[in-house]
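Notes to accompany the following structure.
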Amino acid sequence: LVGSEMCIRDRYSVLGVDPSASDEEVKHAYRRLTLENHPDKLVASGMPEEFVRQATEKMAAVNVAYSNIVQQRTSD
């Protein structure tokens, strides 16, 4: 799901937090997922190519979700 196609509930689900989570909780979840799934870190640790590809896709979803949440919260 990309950009506006991602519904509000999905955005939060991708980050693993509830829509009622504080801004700090959302940021913490985003940072945790970034550390866990960053492709460069996984390549450096010797992970298989398929795992890195999946992590790259996950990071794209995490980035879109976080960006959409921040944008939605600042416009409210």
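A 4.5 Å side-chain heavy-atom check between Gln72 and Arg11 finds at least one atom pair inside the cut-off. Between Lys27 and Arg31 the shortest side-chain heavy-atom distance falls below 4.5 Å. Contact check for Tyr12 versus Val26: side-chain heavy atoms found under the 4.5 Å cut-off.
Here the side chain of Ser45 pairs a donor or acceptor atom with the backbone of Leu42 at under 3.5 angstrom. Without hydrogens or angle criteria, Ser67 side chain to Asn63 main chain gives no donor-acceptor distance under 3.5 Å. The backbone N or O of Val70 sits less than 3.5 Å from a side-chain atom of Thr74, completing a donor-acceptor pair.
Within 6.0 Å of the CZ atom in Arg73, the count of heavy atoms belonging to other residues, nucleotides or ligands exceeds 12.
Taking CE of Met59 as the start and CG of Asp40 as the end, the distance is 10.0 Å to the nearest 0.5 Å. Interatomic distance, Gln54 CD to Lys58 NZ, rounded to the nearest 0.5 Å: 11.0 Å. Distance CG/Asn68 to CG/Leu15: 10.0 Å, rounded to 0.5 Å.
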Problem set entry | side chain to side chain contact (heavy atoms under 4.5 Å, CB included) evaluation trace for Leu33 with Tyr66 | CA-CA 11 Å; Leu33 289 168; Tyr66 183 70; over 6 Å; no
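In this structure, Asn37 and Ala55 approach most closely via the heavy-atom pair O-CB, 3.4 Å.
One finds no salt bridge joining Glu49 and Arg53 here, because no Lys/Arg side-chain nitrogen approaches an Asp/Glu carboxylate oxygen to under 4.0 Å.
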